[in-house]
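Presented below is the structure to which this report refers.
Index from 1, following the sequence. As a basis for the values below, the full set of heavy atoms in this structure was taken, side chains included, without hydrogen atoms, waters or symmetry mates.
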Amino acid sequence: MKRIILTILLAMLLVPLGMQAQSKAKKKVKKEQKVPQLMNYPSAEVGKDLLHGGNVVIKGRLIAQDPKMIEQMSGRFKVIMRDYIVRKEKTSLIEFKPDGTFSLNVYVPYPMMVLVYPLAEVYACPGDTVDMTIDTTKPTLQEGVIIGGTGVSSEVSKLTYKIRMAYFPPQQVEISSEQGADALMKWKDEQVAKLDTLVMKMNNGLPELKDCSPMASDILRTYIIRQRLYSIFHQYYLFVDGNKSIDREAFWQQYFSFVTPREKYLLDNPLLMIAGDEFFFNRMESTLMRPFNDFGMSIDNIRKRIHSEVAEKLHLSPTNFSLQVCTLREAFNMLKWWKDDYEYAADDVANTMQYITHPELIRRAVLTYRDYVKENELQVIEQKPMTKGDSIFQRIIEPYKGNVLYVDFWAMSCSPCRAEMLRMRNEVEANKNKPVKYLYVTSDSPDLCRPFLEPNNIKGEHIYITASEWGYLQEKFQFSAIPFVALFDKQGKQRKDVTVEQLLEE
């Protein structure tokens with residue numbers, strides 16, 4: 001009897017506890033359900049044909065009051081294509097005809113934003129045409145650049161600036177380490193709330209996208225998500241870089257906990273392939289996906305640890321699309337270290353492929369490895385016609401033939417450029433009687449440079465060129481960021497992965 005009574009009493013005690021547990025579970029589910037998800041997304045089929053590469057035509061006309069200005073502008077405008085999945089870049093110059101018209105075929109490995117410098121980002125989808133009118137008589141850049149064309153490229157290009165200004169206007173925000181981790185966490189929570197609000201707005205239909213095709217709408221919605229997420233990555237990077245006062249492991253886990261319930265549209269989203277960019281994935285791989293050089297171990301073990309930590313500590317899928325992109329980016333960044341050691345390169349690429357499941361990423365990896373072999377293994381000397389950039393460069397180096405050449409492309413607006421020149425002073429002085437010349441090339445004027453060069457005793461050969469000539473040299477050497485340094489041996493052949501001292505010893 002006592003046993004029956006005790007059993008009944010215990011059951012009576014347990015029922016409320018069970019009800020409480022169920023109630024908590026329901027509240028938890030309800031709370032998780034409050035995280036908005038993108039609806040009707042993607043609204044168009046992302047078929048494999050859309051993800052393949054091809055040519056896009058970028059054409060248009062430059063309008064100027066003075067016809068001489070058109071001639072002066074050749075070489076100043078360029079199209080920069082960044083294949084951010086495998087870290088490859090291509091710079092192509094825009095050359096204007098006497099009537100101001102121009103036309104350029106640009107190859108893109110998949111649909112993407114390309115930069116028409118210094119004007120605007122435009123969307124480039126194979127088979128489309130982007131038509132640009134550049135009217136220098138207008139008072140502002142926004143009024144002077146009119147974008148049209150055909151297909152998705154035209155739709156997305158025309159709306160990009162409007163979308164950017166409407167949903168993430170420029171703002172100066174930087175949470176310093178002095179403000180503390182709590183300040184950054186509070187800021188991050190505010191940004192996540194704004195992200196959720198944006199998702200709900202997109203579900204109700206953004207007025208800017210009401211006349212868009214389904215595919216253009218998908219790309220622009222992904223663009224909005226990408227920009228909002230980038231700012232969250234970027235502030236984390238600025239705060240954590242060099243900050244030794246925090247427990248990085250715990251802080252990383254807490255900061256990015258918001259991603260898990262939003263993983264499907266934030267990360268495991270193949271639309272990022274055609275709406276992401278280099279800056280977005282660069283910040284993602286160095287923050288959310290953890291730096292690949294954090295652990296001081298073999299590359300393959302680093303990858304395994306990255307994938308397991310993402311799964312175990314952030315509860316994200318180890319095969320989500322964005323993690324696969326970051327894995328590929330790291331692998332193809334390593335190819336330059338293998339140089340002509342093709343066996344190691346092949347092993348590393350093969351090891352990487354165990355983490356890649358998306359068919360288009362596999363395809364990009366195969367094509368890129370094929371290009372790597374062609375560029376590094378095939379000893380084929382091609383007789384290419386001399387370009388305008390070749391002629392300009394030959395003119396620059398002609399007085400210094402027979403010397404090792406250290407050629408530094410720089411600008412006064414570039415603080416890393418100035419820091420590198422200061423760092424090089426001792427080497428320049430030590431080698432002043434040796435057969436080596438240090439050439440500092442800039443499109444800035446001597447008057448602008450002199451207040452920095454003279455007080456800081458920057459020796460070497462200072463070469464001033466026009467903005468147009470700078471553009472042709474950018475195309476020749478395929479660089480868009482500075483400082484950019486090129487080394488040449490005494491025979492005038494460009495050499496990579498060597499030092500000035502090694503060239504002098506030869």
Side-chain angles (χ1 to χ4, degrees), residues 71-72 74-76 78 80 89-93 95 336 375 379-414 416-450 452-454 456-506:
E71 184 180 350
Q72 294 169 353
S74 282
R76 295 193 180 198
K78 60 210 73 165
I80 300 172
E89 185 175 293
K90 172 77 173 173
T91 298
S92 305
L93 286 189
E95 296 208 47
K336 64 186 179 185
E375 291 168 9
Q379 302 298 316
V380 178
I381 300 174
E382 297 182 19
Q383 297 298 322
K384 294 182 180 178
M386 180 169 280
T387 65
K388 195 163 183 178
D390 293 329
S391 300
I392 293 167
F393 191 67
Q394 287 303 314
R395 188 196 75 218
I396 289 172
I397 66 173
E398 181 67 30
Y400 313 106
K401 277 188 174 180
N403 292 284
V404 170
L405 298 181
Y406 174 98
V407 186
D408 183 352
F409 294 88
W410 74 288
M412 279 296 293
S413 59
C414 167
C417 297
R418 300 196 304 274
E420 182 65 10
M421 294 170 83
L422 293 170
R423 189 188 70 80
M424 288 293 294
R425 285 181 300 186
N426 291 340
E427 181 179 319
V428 175
E429 178 64 23
N431 289 337
K432 65 182 179 181
N433 296 320
K434 296 178 183 179
V436 55
K437 297 294 181 183
Y438 294 85
L439 279 57
Y440 293 105
V441 182
T442 182
S443 60
D444 290 336
S445 69
D447 289 342
L448 181 63
C449 300
R450 197 173 293 116
F452 166 72
L453 297 175
E454 291 182 356
N456 289 295
N457 195 32
I458 305 295
K459 302 296 185 183
E461 312 298 325
H462 294 286
I463 296 164
Y464 302 95
I465 61 175
T466 67
S468 292
E469 290 171 329
W470 177 273
Y472 286 110
L473 292 176
Q474 272 192 298
E475 184 181 48
K476 171 179 170 56
F477 290 107
Q478 287 298 307
F479 70 91
S480 59
I482 52 175
F484 173 78
V485 173
L487 290 177
F488 297 83
D489 61 24
K490 294 175 187 177
Q491 288 72 43
K493 181 182 178 182
Q494 186 177 0
R495 302 285 294 277
K496 296 181 180 181
D497 303 311
V498 294
T499 64
V500 166
E501 290 304 318
Q502 287 171 329
L503 292 178
L504 285 172
E505 288 173 7
E506 288 181 359

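- The shortest distance between side-chain heavy atoms of Arg450 and His462 does not fall below 4.5 Å.
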Derivation and outcome, side-chain hydrogen bond (donor to acceptor under 3.5 Å, both in side chains), residues Glu427 and Tyr406: CA-CA 11 Å; Glu427 181 179 319; Tyr406 174 98; over 6 Å; no

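- Minimum interatomic distance between Arg425 and Asn457 (heavy atoms only, all atoms of both residues): CD-O, 3.9 Å.
- The shortest non-hydrogen separation linking Pro435 to Leu504 is O-CD2, 3.7 Å.
- The aromatic rings of Phe409 and Phe484 are tilted relative to each other, their planes meeting at an angle between 30° and 60°.
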Pair Glu420-Arg423, salt bridge (Lys or Arg N to Asp or Glu O under 4.0 Å): steps then yes or no: CA-CA 5 Å; Glu420 182 65 10; Arg423 189 188 70 80; 2.6 Å; yes

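- Counting heavy-atom neighbours within 6.0 Å of Lys90 NZ, excluding the residue itself, gives a total of 12 or less.
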Residues Ile458, Leu422; criterion side chain to side chain contact (heavy atoms under 4.5 Å, CB included); working and verdict: CA-CA 7 Å; Ile458 305 295; Leu422 293 170; 3.9 Å; yes

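- Considering CD of Glu475 and OG1 of Thr387, their distance stands at 7.0 Å, rounded to 0.5 Å.
- A heavy-atom distance below 4.5 Å is found between the side chains of Ile80 and Glu89.
- Expressed to the nearest 0.5 Å, how far CD of Glu461 lies from CD1 of Ile396 amounts to 12.5 Å.
- Proximity of Asn431 to Val404: side-chain heavy atoms (C-beta onward) are nowhere separated by under 4.5 Å.
- Counting non-hydrogen atoms of other residues, nucleotides and ligands closer than 6.0 Å to NZ of Lys459 gives a total of 12 or fewer.
- With hydrogens and angles disregarded, a donor-acceptor distance shorter than 3.5 Å links the side chain of Glu469 to the backbone of Thr466.
- For Gln478 (side chain) and Thr91 (main-chain N/O), a donor-acceptor pair under 3.5 Å exists by modelled atom type.
- Residues Ala467 and Arg76 share a closest heavy-atom pair of CB-NE, 3.5 Å.
- The distance from atom CD1 of Ile397 to atom CG of Asn403, rounded to the nearest 0.5 Å, is 11.0 Å.
- Residues Leu487 and Val498 come closest through the heavy atom pair CD1-O, 3.3 Å.
- With rounding to the nearest 0.5 Å, the separation of OH in Tyr440 from CE in Met421 is 5.5 Å.
- Ala411 and Thr442 get closest at one heavy-atom pair: CA-OG1, 3.9 Å.
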Candidate pair Lys78 and Trp470, rule side chain to side chain contact (heavy atoms under 4.5 Å, CB included), full reasoning: CA-CA 11 Å; Lys78 60 210 73 165; Trp470 177 273; 4.2 Å; yes

Side chain to side chain contact (heavy atoms under 4.5 Å, CB included) between Phe393 and Gln494, worked out: CA-CA 12 Å; Phe393 191 67; Gln494 186 177 0; over 6 Å; no

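- Remark: aromatic rings of Phe488 and Tyr400 are distant, center separation not under 6.0 Å.
- Here the NZ atom belonging to Lys388 is positioned 6.0 Å from the CD atom belonging to Glu95, to the nearest 0.5 angstrom.
- Between the side chain of Asp489 and the backbone N or O of Gln491, at least one donor-acceptor pair lies under 3.5 Å.
- Residues Cys449 and Tyr464 meet the side-chain proximity criterion, which asks for heavy atoms closer than 4.5 Å.
- Shortest non-hydrogen contact noted between Met412 and Trp410 is SD-CZ3, 3.6 Å.
- Atom OG of Ser413 is separated from atom CD1 of Ile482 by 5.5 Å, given to the nearest 0.5 angstrom.
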Intermediate values then yes/no, side chain to side chain contact (heavy atoms under 4.5 Å, CB included), Asp390 and Lys476: CA-CA 7 Å; Asp390 293 329; Lys476 171 179 170 56; 2.8 Å; yes

